[in-house]
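Report on one structure; see the data block that follows.
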Amino acid sequence: MGCARGRRRLTLVAAALGCAAVVAVSGQLSAGALVAVAAAGAAVTATGLARRAGAGAPPVGRRGLPWLVWLAAALGWELVTLADADLPTLSDLADPVLAVPLVRGAATLAWLAAGAWLLTRPRRPS
């Protein structure tokens with residue numbers, strides 16, 4: 001069982017590195033980058049969902065408040081930018097940084113790692 005888990009983890013890491021390489025080499029908003037990120041994200045999501053299949057979700061409670069605040073702030077910013085064309089959106093602010101291929105690949109790895117952590121982090125005992 002442990003050997004299979006190690007191989008699965010190694011396969012996912014290799015896929016994530018491949019995804020980051022494709023995103024770094026291909027241009028921003030290219031079809032290759034979109035397919036690579038979608039495939040890697042789907043693999044991370046499927047792995048996390050398969051791991052927790054049949055388990056009930058614990059109540060979020062106050063632990064979800066910081067996430068709700070971040071989500072509300074991002075949503076508020078995007079709504080304000082829709083109303084005022086002179087304000088940049090979050091993606092407009094990120095474009096100059098993500099124009100560098102190495103940074104774009106590193107950001108892709110960080111995004112996939114954050115998703116994997118969210119799906120596989122240990123649960124608190126009830």
For residues 82-90, which side-chain donor-acceptor pairs fall under 3.5 Å, sequence neighbours excluded?
unit_1: Asp84; atom_1: OD1; unit_2: Asp86; atom_2: N; d: 3.1
unit_1: Thr89; atom_1: OG1; unit_2: Ser91; atom_2: OG; d: 3.1
unit_1: Thr89; atom_1: OG1; unit_2: Asp92; atom_2: N; d: 3.2
unit_1: Thr89; atom_1: OG1; unit_2: Asp92; atom_2: OD2; d: 3.2

Members sharing Leu102's hydrophobic cluster (side chains within less than 4.5 Å)
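Reading the cluster by chain and number, Leu102 sits alone, since nothing else belongs.
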Once side chain to side chain contact (heavy atoms under 4.5 Å, CB included) is applied, do any residues pair with Leu71, and if so which ones, sequence neighbours excluded?
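Leu71: no side chain to side chain contact (heavy atoms under 4.5 Å, CB included) contacts found.
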Kindly compute the distance separating CG (Leu93) from CH2 (Trp77), expressed to the nearest 0.5 Å.
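Here the interatomic distance stands at 6.5 Å.
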For Val103 and Val97, which heavy atoms make the closest approach, and how far apart are they?
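Reported closest heavy-atom pair: CG1-O, 3.6 Å.
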